Amino acid sequence: MGFKNNVIQIVKKIPYGKVTTYGTVALLASLPRGARFVAGVLHFNSEKNNLPWHRVINRNGFISIRSLEHPKALQKALLQEEGIQVSDDFMINLKKYGWSGNSDEKYLDHSKLEKQ
DNA sequence: ACGGTGACGAGAT
DNA sequence: TATCTCGCCACCG
């Protein structure tokens with residue numbers, strides 16, 4: 001299938017009203033260190049595959065969009081439409097809105113998980 | 001075919 | 001805590 005298609009399938013599974021991180025998507029796509037490339041996949045495939053690209057943010061909880069097609073302000077607006085709180089400096093509470101890909105309701109911080 | 005690139009992330013300083 | 005550095009690796013031209 002390829003990493004690209006894995007990413008597309010996973011992003012489609014992010015629930016309405018939730019967000020996740022590039023790193024988490026990469027992990028779920030079986031490429032734990034492929035976070036950077038997730039960004040590229042979203043950039044070139046979002047419209048074509050009808051992806052909820054706005055539900056992917058960085059692991060610090062910030063919107064990190066910088067493309068013309070997907071400006072920060074648009075991502076913020078789309079998230080707010082789903083009932084997600086976004087601060088003026090484009091931050092989202094991952095503890096509250098994060099989706100880790102598990103059936104668990106709670107967001108799992110993978111990086112901290114591996115440490116212990 | 002091949003190398004620069006990136007909407008990242010973790011560890012180091 | 002804030003910044004900096006560097007590894008990452010499938011893709012695209």
Side-chain angles (χ1 to χ4, degrees):
Chain A
M1 272 302 268
F3 180 65
K4 185 174 104 174
N5 287 316
N6 286 343
V7 168
I8 289 171
Q9 295 311 311
I10 287 156
V11 170
K12 282 183 175 177
K13 289 179 182 162
I14 305 171
Y16 180 96
K18 292 285 185 179
V19 295
T20 193
T21 68
Y22 298 98
T24 298
V25 173
L27 189 65
L28 295 174
S30 307
L31 188 58
R33 307 289 174 300
R36 291 190 96 183
F37 191 65
V38 171
V41 173
L42 294 180
H43 180 82
F44 293 107
N45 300 276
S46 289
E47 275 66 34
K48 186 165 41 175
N49 295 294
N50 238 286
L51 300 180
W53 56 270
H54 57 285
R55 297 184 189 140
V56 184
I57 62 179
N58 67 34
R59 79 146 267 94
N60 297 132
F62 286 90
I63 290 174
S64 49
I65 296 296
R66 56 163 124 127
S67 76
L68 293 176
E69 312 84 63
H70 302 151
K72 278 187 176 184
L74 174 59
Q75 182 167 11
K76 180 180 177 182
L78 289 171
L79 290 174
Q80 288 176 326
E81 281 178 23
E82 302 191 359
I84 296 173
Q85 292 182 350
V86 185
S87 69
D88 290 342
D89 55 345
F90 302 97
M91 194 198 73
I92 292 115
N93 186 341
L94 273 174
K95 290 279 188 255
K96 188 171 180 181
Y97 301 106
W99 175 78
S100 57
N102 295 347
S103 48
D104 295 353
E105 296 283 315
K106 269 179 23 181
Y107 174 73
L108 295 176
D109 189 328
H110 296 292
S111 64
K112 283 174 184 169
L113 217 58
E114 290 173 8
K115 276 186 180 176
Q116 42 183 313

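A note on names: the letters A, B, ... follow the listed sequences, proteins ahead of strands, and every chain is numbered from 1. Given the structure is predicted, the values throughout are model-derived calculations rather than measurements. The figures that follow rest on heavy atoms only: side chains count, while hydrogens, waters and symmetry mates do not.
The interatomic distance linking A:Asn60 (CG) with B:dG9 (P) rounds to 7 Å, in whole Å. Following rounding to the nearest Å, A:Phe3 (CZ) and B:dG6 (P) show an atom-to-atom distance of 17 Å. Remark: C1' of B:dA10 and CZ of A:Arg33 are 9 Å apart, rounded to the nearest angstrom. Across the protein-nucleic acid pair, A:Tyr22 atom OH and B:dG9 atom C1' stand 13 Å apart, rounded to whole Å. One can place CD1 of A:Ile92 at 13 Å from C1' of B:dA7, the figure rounded to the nearest angstrom.
You can see that DNA chain C meets the heavy atoms of chain A within a 4.0 Å-exclusive cut from C:dG7 to C:dC11, reading 5' to 3'.
Legend: salt bridge (charged side-chain N to carboxylate O under 4.0 Å, His left out) pairs involving residues 1-14 of chain A, not counting sequence neighbours: none detected. Contacts classified as side chain to side chain donor-acceptor pair (under 3.5 Å) and involving residues 80-91 of chain A (residues at least two apart or in different chains) are given here: A:His54-A:Glu82, A:Arg55-A:Glu82, A:Ser87-A:Asp89.
Partners of A:Tyr22 according to the ring-ring contact (aromatic ring centres under 6.0 Å, His included) rule, which considers only residues two or more places apart in sequence or in another chain, do not exist here. Checked against ring-ring contact (aromatic ring centres under 6.0 Å, His included), A:Phe90 has no partners two or more places apart in sequence or in another chain. In this structure, A:Ser30 has no side-chain contact (heavy atoms from CB on, under 4.5 Å) partners at least two apart in sequence or on a different chain. In this structure A:Glu47 satisfies the side chain to side chain donor-acceptor pair (under 3.5 Å) test together with A:His70, sequence neighbours excluded. Every side-chain contact (heavy atoms from CB on, under 4.5 Å) that A:Pro71 has, sequence neighbours left out, goes to A:Leu74.
Atom-to-atom distance recorded for A:Ile10:CD1 and A:Thr24:OG1 is 10.5 Å, nearest 0.5 angstrom.
Taking only side-chain nitrogens and oxygens, A:Ser64 comes nearer than 4.0 Å to OP1 or OP2 of B:dC8.
Annotation: proximity of residues 36-50 of chain A to DNA chain B (heavy atom, distance under 4.0 Å) is found for A:Arg36, A:Ala39, A:Leu42, A:His43, numbered in ascending order.
Residue-level contact check: A:Lys4 touches the backbone only, with heavy atoms under 4.0 Å from sugar-phosphate atoms and none from bases.
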